There are 2 protein chains.
Amino acid sequence: MTRDAEPGKKRQRRKDARPQEILDAAMVLWAERGFAATRLDDVAKAAGIAKGTVYLYYASKEALFEAAIQDRLVSVMREHQGLSQSFEGSSAELLTLFLNTVYARLLKTDAVTLLKVLIGEGHHFPDLVKLYREVAIETGMAAIGFIVKRAQARGELRDGMSDLDARLIIAPAIMAAIWQSVFAGEDAMDTDAFMNDHIHLIRQGLLKPDAL
Amino acid sequence: MTRDAEPGKKRQRRKDARPQEILDAAMVLWAERGFAATRLDDVAKAAGIAKGTVYLYYASKEALFEAAIQDRLVSVMREHQGLSQSFEGSSAELLTLFLNTVYARLLKTDAVTLLKVLIGEGHHFPDLVKLYREVAIETGMAAIGFIVKRAQARGELRDGMSDLDARLIIAPAIMAAIWQSVFAGEDAMDTDAFMNDHIHLIRQGLLKPDAL
DNA sequence: CAATTTAATGACCCATCGGTCATTAGTCAA
DNA sequence: TTGACTAATGACCGATGGGTCATTAAATTG
């Protein structure tokens, strides 16, 4: 797991690289075992350092998780917002593009890990739940809200759908990501087919027939 | 938390009632704290007994969780299946009835607790994940599959929707239940409105316009 | 009212793990 | 080369919690 270890030396002083390496190692283990069940000692081993070293960079296990939220979500969520604002085209196309991007992010990165941990163990860390909500959820909901408003402005939205709960639109994507990580292996789903069904269903339900 | 305690006596011999009481106490604490973070000692206290007594009825913490799956899901899932089979009426009505029932079960009972625990900590207990899948998921998927087939037989299904992934239909309900339990309080959602939007969206996307 | 059975107890054992800190060693300036 | 600085170490501490078992006492039987 050590990265650029020059084999000759026992101790390596690499102050700049450590934080990110610790964080990456932690994410892998959290995904496998959950938060409480992952020992700081194992995170350290996976990052190629001793446990004490972790505490040079993060004040506590909880602080490490907070750093992970910042590291994994902040930049990605900003991108998401940008995507819709610069788009020119029909709502059907925008919805497709947006959901494709969401699925890619959720299924191909380790973003779900954070969500999984918060679902199962968030009760002990109200501050982290709050942070996650602010960083990920509010931004995400705003992005969807923008798409819906845009569709209405363009006259492509079905009547009575204007203040539909934004969570309804991404729920299947979130569930699919969680599903994959919980039932992976013994009940894997065809995520591409699922995504296409999802997009189709949303377009059908949300947009006027002549906007499809 | 003790139930029928006759106050005079220190020890109560109530062999029959213990298992269920232990289980109920455990479910409450698991919902609050998760599985790993809930001490058997606290479960025992909440059930009004000593820790050792728990081990008279359940071989281990894991066995207790398995018993919870059996207790909470088996009978309920059987009911779900029955519901659709005896129904006479349009698919629009059946879908509405079915989803109403699902939301009631997920939001008004402690069924989500089990799912939450499995999402966050299931990796340590592959046997429990498997059991959950068999007991809850396969039955649930079959129930939805039945509804879709029935709609098609009645000519009420949109073209190309016949082998839509059943998970897509209940995903928002599951997400809503989890959402409530994770973000309860600081970001509570209007679950009734959400459910109605959900039903509306599904009917719109799944059924032919003239079947609405 | 013994004698027997067994539900219930809780002190105890021991492995685990988050966090600390005195010690070690890599780096660099003078 | 040496001294100062500080990144890195890992033995250790203290708390925690799953699981055990010798002991206690409630019920039951004759």
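Quick note: numbers below take in every heavy atom, side chains included, and nothing from hydrogens, waters or symmetry partners. Every value quoted in this text rests on a predicted model; they were computed, and no experiment measured them.
Taking atom CD on Glu21(A) and atom P on dA7(D), their separation rounds to 15 Å, with Å as the unit. Taking atom NZ of residue Lys15(A) and atom C1' of nucleotide dA25(C), one finds them 17 Å apart after rounding to whole Å. Computed from coordinates, the Phe35(B) CZ to dG18(D) C1' distance equals 11 Å when rounded to whole Å. Distance Leu40(B) CG to dT20(D) P: 11 Å, rounded to the nearest Å. As a whole-Å value, the separation of Ile49(A) CD1 from dT24(C) C1' is 17 Å. The distance from atom CZ of Arg18(A) to atom P of dA7(D) is 11 Å, rounded to the nearest whole Å. For the pair Asp41(A) CG and dT9(D) P, the interatomic distance rounds to 12 Å; values are reported in whole Å. Rounded to an integer number of Å, the gap from CZ of Arg33(B) to P of dG18(D) is 11 Å.
Remark: the Lys51(B) side chain and the dG18(D) base include a donor-acceptor N/O pair separated by less than 3.5 Å. Below the 3.5 angstrom threshold, one finds a donor paired with an acceptor across the side chain of Arg11(B) and the base of dT24(D).
Salt bridge Asp42(B)/Lys45(B): absent, no basic N to carboxylate O contact under 4.0 Å. A salt bridge is absent between Asp127(A) and Lys130(A); no separation between the charged side-chain nitrogens and carboxylate oxygens falls under 4.0 Å. A salt bridge links Asp24(B) to Arg72(B): at least one charged side-chain nitrogen sits closer than 4.0 Å to a carboxylate oxygen. A salt bridge links Glu79(B) with Arg105(B): the closest approach of a Lys/Arg side-chain nitrogen to an acidic carboxylate oxygen falls below 4.0 angstrom.
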Name each donor-acceptor pair under 3.5 Å that joins a side chain in residues 191-205 of chain A to protein atoms two or more places apart or in another chain, with its distance.
residue, atom, partner, partner atom, Å
Asn196(A), ND2, Asp192(A), O, 3.3
Asp197(A), OD2, Asp165(B), N, 3.4
His198(A), ND1, Tyr103(A), OH, 2.6
His198(A), NE2, Ile169(A), O, 2.9
His200(A), NE2, Gln204(A), NE2, 3.3
Arg203(A), NH1, Thr96(A), OG1, 2.7

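Contact check for Leu114(B) versus Met27(B): side-chain heavy atoms found under the 4.5 Å cut-off.
Within residues 56-66 of chain A, the residues approaching DNA chain C are Ser60(A), Lys61(A), by heavy-atom distance under 4.0 Å.
For Arg13(A), the side-chain atoms get nearest to dA8(D) when compared with the rest of dA8(D), dT9(D), dG17(D). Checked against dG26(C), dG10(D), dG19(D), the side chain of Tyr55(B) finds its nearest nucleotide in dG19(D).
Not less than 6.0 angstrom separates the ring centroid of Phe65(B) from the ring centroid of Phe125(B).
Nearest-nucleotide positions on DNA chain C place Ala37(A) closer to the 5' end than the other of Ala37(A) and Gly52(A).
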